[in-house]
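Working notes, beginning with the structure itself.
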Amino acid sequence: MVFDNKFIQQRIEKANILKEAGFNPYSNNSKRNTTIEKYLNVNSDIEDKEDKRDENRHYIVNGRIKLFRIMGKASFVKIEDESGMLQVYVARDNLAEGFYNDIFKKHIEVGDIIEVAGYPFVTGKGELSLHATELNLLTKAISPLPEKFHGVTDKEIRYRKRYLDLIMNADVRKTFKIRSKVISLTRRFFEDKGFLEVETPMMHPIAGGANAKPFVTHHNALGIDRYLRIAPELYLKRLIIGGFEAVFEINRNFRNEGMDATHNPEFTSIEFYWAYKTYKDLIEITKEYFEYLFDHLDLPALLPYGDMEVNFANFTEIPLIESLTTIGGVPAEVTNDKDKIVEFLNSKNITVKPGMNLGQLQGELFDEFVEEKLIDPTFITEYPVDISPLARRSDENPEITERFELFIAGREIANAFSELNDPVDQLGRFEAQDAAKESGDDEAHEMDVDFVEALSYGMAPTAGQGIGIDRLVMLLTNEHSIRDVLLFPAMKPIHAEQKNQEEE
RNA sequence: GUCUUGUUAGCUCAGCUGGUAGAGCACGUCACUUUUAAUGAUGUGGCCGAUGGUUCGAAUCCAUCACAGGACACCA
C-alpha cells in the first residue's frame, strides 16, 4: 500500500473531516491578489505608522505552511510561495465562529497550502506580517514534510524526490533559477548576434559529431534502430551548407557512458556555427559571451569555486604543445616523440594503451599534467589532427588543427574549431577513425557518408563551438556535482521499480 | 569499472567490547492572544536496507546483494 504510513492515514482522516465540514481539501478557488514578495515590498511603510497597522488595506495571499506556532487563542503561521516567506497572525476572534478551534487548530498543519486574507501589521518583534481575517485550505498535504530545521539533507532523497528538495531548500530553487537564466541569456546573446536557433534530430541513423557510445532505440514502423544523438554537430553543419550563416541549438545530448560528479547520461550543450569566421573569431565571441553572462548575472570577475578563485578578467591563450612544457613541466624533447612520451608516461607510473598515435599521446600528456592546472580561463589551441577528426587543418602545419578547448577551474568548458570543409580530407579522416574502430577503439567516430556528400556541395569556411551548459552552470553556482544543477539527475531504479519491471 | 563510507521512526541523528530500540523535530491530548526552530506537560510511533551465516542471543560480528555518497579510472 502506498498510503499505509500512520502519519499519512492520520492526515487523510483530517482531509475527510474537513470535507464533511464543508471545506474542500483540494479547492481550486484561489482568489490571490498578490505575491508574498510584492506584499512585503508594498507594505514596508507599515512600521513607520503609529499603530503599526493599516486595517484599510486588504490582501489575499497563498502559500504552503512551513512553520506553525499555536499559542492558545492565537497562532503564528509562516507560509511560503515562490516569491518568499510571510508570517501570518491568526487570532480566534478575527475568524468565523468555531473556525479557529474546530478547523484551523485541529485539521490544518505544516505542509498544507492555504489562502489567507487580511491586513498588514508589524509585530512586537518588528516583523511585517499579515493579520488574518479569513483563512481557507486550498490543498491538503497528506504526506508530512521533512523536519523543519534540518530539512531534507539525504542526497538520495533530494535527487529522487526533487520536489521535496525544492520545497525544503530555498538555495536549491536559487540554483535552478540561475540555470534557467544562463540558458535564457545564452539564447538572447546569440540571437542578438544574428544567430538563428534551430532544432535538429535527436534520433540519428548514425551517432556522429563526437567520440562516444550512443543509446540505441528502435523505430517499429521502419524496422530499424536509431541512435539518440551524441552531438548535433553534423546536422548543424548541413544547415551551414544549406545557406544559413549563423545557427545555434541548445539541447540535450545522450551518451551511454559512466555517471559521476561531472557526467550524466543526458546533458545540455549549446553548439553554434558561424560562416565566414575562424576559431580566432570564436575566441573573441567566447570572451564576449562570458562578459555578457557575468554582467547580467551580476557576478564578480573573481569568482570563487570550491577552494579555488577563478579570475574571469584573465583569459589566456596557449598552444597545446607549448602548454605541455610551460604548464605541465614535460621536457620539450619529449613532446614530439611517440616513444619518448610513452617512456615519460611510464616513468610517471602511467600506462597507455598500445598503438596510440602521436596526437593521442600528446592528448594524454595534456590530460595528465596540464588540464587540472588551468584555473583561470585558458584557451588551449592547435590540437593535433589525430584527435580532431572534424576540425580544419592549419595552413602552416597540416599536423595540427585550427581548434581550441576552453578550460576553467581545471575543467573543459568549451570545444571549438574552424570546421573541416574539404570533403576529401573529411572522408579520409572518417576512414582513419574507421580503422581505429577496427583495431578496438569503440569510441572512434562513425563513418558518415551522407555528411561527406553534403560537404561535397561546398560548405562555406565556418567556425563552430560547443559549450557544456551543465558544467558552466556548476561553475557559476559553485556546485561540484552535475546532479546539483540537473532538476532530475539520472538515478538507478530502486528495488521496487526493478521488481515491477520484471513483472511486466 | 575499482576502492571506500553509509543505509536505524515521516525527517535529522544517537545506539560503546553482542543481552528485549533511543533523542529532537513532526503527530495526538492538555495549557497558553505578539511568537521567531515559540514554550511547558503528556502520549503514540520501528521488518534497525535485503538475504544468508556465526551465536543461547545480532541494529551491533561475518558473507553476499541492492541503493546512495566520496575518491580514483574513462569520458563532455
Side-chain angles (χ1 to χ4, degrees), chain A residues 3-11 13-14 52-53 66-78 85 87-94 100 105-107 109-111 121-127 129 131 141-161 164 167-168 209-213 230-231 253-269 271 350-351 353 363-364 367-368 371 405-407 411-415 442-443 466-472 474 480-483 489 491-499:
Chain A
F3 296 136
D4 57 0
N5 176 282
K6 59 190 171 300
F7 296 109
I8 295 179
Q9 281 302 319
Q10 206 170 62
R11 295 175 78 122
E13 185 52 30
K14 287 183 186 178
K52 307 252 183 212
R53 62 183 58 218
K66 298 298 287 288
L67 290 170
F68 205 119
R69 294 188 281 271
I70 297 178
M71 307 171 53
K73 297 178 190 65
S75 301
F76 287 94
V77 178
K78 290 236 170 165
M85 184 99 82
Q87 175 167 269
V88 175
Y89 179 69
V90 186
R92 187 191 64 183
D93 300 340
N94 294 96
Y100 182 81
K105 262 169 70 175
K106 282 198 187 317
H107 305 302
E109 58 205 314
V110 171
F121 81 115
V122 173
T123 64
K125 296 280 159 78
E127 180 167 347
S129 306
H131 198 121
I142 61 167
S143 281
L145 287 187
E147 203 247 0
K148 64 186 172 189
F149 188 57
H150 299 93
V152 54
T153 58
D154 184 297
K155 291 209 168 185
E156 183 168 359
I157 299 176
R158 291 186 43 215
Y159 297 147
R160 287 192 196 277
K161 303 186 177 181
L164 259 191
I167 289 172
M168 298 307 295
N211 300 344
K213 280 175 233 152
I230 56 174
N253 297 315
F254 306 87
R255 299 195 183 171
N256 206 341
E257 292 165 352
M259 294 153 57
D260 62 24
T262 54
H263 296 84
N264 194 69
E266 48 181 306
F267 64 100
T268 301
S269 70
E271 287 204 11
I350 299 157
T351 49
K353 278 182 271 180
E364 201 70 22
D367 293 345
E368 287 295 335
E371 183 169 1
E405 289 197 358
L406 172 63
F407 292 85
R411 207 175 271 157
E412 184 193 334
I413 293 291
N415 180 18
D442 55 0
E443 286 186 356
I467 301 173
I469 296 290
D470 310 288
R471 291 183 179 181
L472 177 62
M474 284 169 70
H480 295 259
S481 169
I482 195 167
R483 295 179 164 202
M491 298 292 278
K492 277 198 199 178
I494 52 173
H495 231 38
E497 283 179 48
Q498 281 175 331
K499 230 178 181 176

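No hydrogens, no waters, no symmetry mates; every other heavy atom, side chains included, goes into these values. Model, not experiment: these values are computed from the prediction. Residue numbering restarts at 1 for every chain, and letters A, B, ... go by the order of the sequence lines.
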- Query: What nucleotide among B:U12, B:G10, B:C74 has an atom nearest to a side-chain atom of A:His150?
  - Reply: B:U12

- Query: Backbone N or O of A:Thr268 within a donor-acceptor pair of the A:Asp470 side chain at under 3.5 Å?
  - Reply: yes

- Any side-chain N or O of A:Arg69 under 4.0 Å from OP1/OP2 of B:A38? yes

- Given B:A68, is OP1 or OP2 found less than 4.0 Å from the side-chain N or O atoms of A:Arg160? yes

- Query: Under 3.5 Å, side chain of A:Asn264 to main-chain N/O of A:Phe267, donor-acceptor pair present?
  - Reply: no

- Whether over 12 other heavy atoms sit under 6.0 Å from A:Lys105 NZ: yes

- Item | Pairwise 5' ranking along RNA chain B for A:Arg92 and A:Arg11, keeping only the more 5' one | A:Arg11

- With heavy atoms under 4.0 Å as the rule, sort A:Gly466 into base, sugar-phosphate or nothing. nothing

- Message: Looking at A:Tyr89 and B:U33, is any side-chain donor or acceptor paired with a base atom of the opposite kind under 3.5 Å?
- Response: yes

- Message: Please check this pair: side chain of A:Glu371 against backbone of A:Arg411, looking for a donor-acceptor N/O pair closer than 3.5 Å.
- Response: no

- For A:Glu109 and B:U29, what is the distance between atoms CD and C1' respectively, to the nearest whole Å? 15 Å

- Item | B:C25 to B:U39 separation - P atoms, rounded to the nearest Å | 7 Å

- Query: What integer number of Å spans the C1' atoms of B:C11 and B:G18?
  - Reply: 29 Å

- Message: Regarding A:Arg255, tell me which of base, sugar-phosphate or nothing describes its non-hydrogen contacts under 4.0 Å with the strands shown.
- Response: base

- Note on the structure: Closest of B:C32, B:U36, B:C25 to the A:Ile70 side chain is B:C32

- Note on the structure: pair_partner(B:A71), Watson-Crick or wobble, both distances < 3.5 Å, evaluates to B:U2

- Under 4.0 Å between any heavy atoms, over every strand shown, what does A:Phe121 touch: base, sugar-phosphate, or nothing? Just pick one. base

- Touch class at under 4.0 angstrom, heavy-atom based, for A:Asn264 against every strand present: base

- Message: Applying a 4.0 Å non-hydrogen cut-off, can you work out what A:Lys14 is touching in the nucleic acid: base, sugar-phosphate, or nothing?
- Response: sugar-phosphate

- Query: What's the closest nucleotide to the A:Lys73 side chain, out of B:A68, B:U12, B:U33?
  - Reply: B:U33

- Item | Nearest-neighbour nucleotide for the A:Lys492 side chain, B:G24, B:U35, B:A68 considered | B:A68

- For B:U64, give its Watson-Crick or G-U wobble partner with both distances under 3.5 Å, or none. B:A50

- Message: Counting distance alone, no hydrogens or angles: does the base of B:U36 have a donor or acceptor under 3.5 Å from a partner atom on the side chain of A:Thr123?
- Response: yes

- Distance check: side-chain N/O of A:Lys148 vs OP1/OP2 of B:A38, anything under 4.0 Å? yes

- Do A:Asp260 and B:A71 share a donor-acceptor pair, side chain to base, under 3.5 Å? no

- Can you tell me how far P of B:A26 sits from CD1 of A:Ile142, to the nearest Å? 21 Å

- Note on the structure: Of B:A26, B:G70, B:G24, the nucleotide closest to the side chain of A:Glu147 is B:G24

- For A:Ile350 and B:C74, what is the distance between atoms CD1 and C1' respectively, to the nearest whole Å? 14 Å

- Return the value, rounded to whole Å, for the distance between atom CD1 of A:Ile157 and atom P of B:C67. 17 Å

- Task: Side chain of A:Thr153 only, please: which of B:U12, B:U34, B:A37 is the nearest?
- Result: B:U12

- Does B:A14 have a Watson-Crick or wobble mate here (both distances under 3.5 Å), and if so which one? none

- Note on the structure: Quick note, A:Lys155 side chain, CB onward, closest among B:C11, B:G69, B:A37 is B:G69

- Message: Does A:Met168 reach a base, just sugar-phosphate, or nothing at all? Heavy atoms under 4.0 Å.
- Response: nothing

- Watson-Crick or G-U wobble partner for B:A38, using a 3.5 Å limit on both distances? none

- Item | For atom CD1 of A:Ile8 and atom C1' of B:A26, their distance in whole Å | 13 Å

- Just by distance, do the side chain of A:Glu257 and the backbone of A:Lys213 share a donor-acceptor pair under 3.5 Å? yes

- Message: Applying a 4.0 Å non-hydrogen cut-off, can you work out what A:Arg483 is touching in the nucleic acid: base, sugar-phosphate, or nothing?
- Response: sugar-phosphate

- Position toward the 5' end of RNA chain B (nearest nucleotide), A:Val110 or A:Glu127: A:Val110

- Task: Examine the base of B:U7 for any acceptor or donor lying under 3.5 Å from a partner atom in the side chain of A:Glu156, and report the outcome as yes or no.
- Result: no

- CE on A:Met491 to NZ on A:Lys155, rounded to 0.5 Å: 11.0 Å

- Item | Sugar-phosphate, base or nothing in reach of A:Lys161, heavy atoms under 4.0 Å | nothing

- Given atom CE of A:Met259 and atom C1' of B:C67, what is their separation to the nearest angstrom? 12 Å

- Query: Looking at B:U34, B:G10, B:C25, which one has an atom nearest to any side-chain atom of A:Phe76?
  - Reply: B:U34

- Using a strict cut-off of less than 4.0 Å between a Lys/Arg side-chain nitrogen and an Asp/Glu carboxylate oxygen, indicate whether A:Lys78 and A:Glu127 qualify as a salt bridge. yes

- Item | Euclidean distance for C1', B:G6 against B:A59 (whole angstrom) | 14 Å

- Would you classify A:Lys213 as touching base, sugar-phosphate or nothing, given that sugar-phosphate means primed atoms plus P, OP1 and OP2, and contacts are heavy atoms under 4.0 Å? nothing

- A:Arg69 side chain to A:Val77 main-chain N or O, any donor-acceptor pair under 3.5 Å? no

- Query: Whom does B:C56 pair with, Watson-Crick or G-U wobble, provided both distances fall under 3.5 Å?
  - Reply: B:G19

- Message: Check the orientation of A:Tyr89 and A:His131. Use parallel for under 30°, tilted for 30 to 60°, and perpendicular for over 60°.
- Response: perpendicular

- Message: Whether the side chain of A:Arg255 engages the backbone of A:Ala212 through a donor-acceptor N/O pair (distance < 3.5 Å, no angle test) should be reported.
- Response: no

- Which nucleotide in the set B:U12, B:C67, B:U35 lies at the smallest distance from any side-chain heavy atom of A:Met71? B:U35

- Query: B:C30, B:C11, B:U36: which one has an atom nearest the side-chain heavy atoms of A:Lys106?
  - Reply: B:C30

- Query: Just how far, in rounded Å, is C1' of B:U36 from NZ of A:Lys66?
  - Reply: 15 Å

- Task: Have a look at A:Lys125 and say if it touches a base, only the backbone sugar-phosphate, or nothing, with a 4.0 Å heavy-atom cut-off.
- Result: base

- Message: Say we look at B:C32 and B:U42: how far apart would their C1' atoms be, to the nearest angstrom?
- Response: 16 Å

- Task: Mark this stacking check for A:Phe7 against B:G10 as yes or no, applying ring centres under 5.5 Å and ring planes under 30°.
- Result: no

- Item | A:Lys78 NZ - B:A37 C1' separation (whole Å) | 10 Å

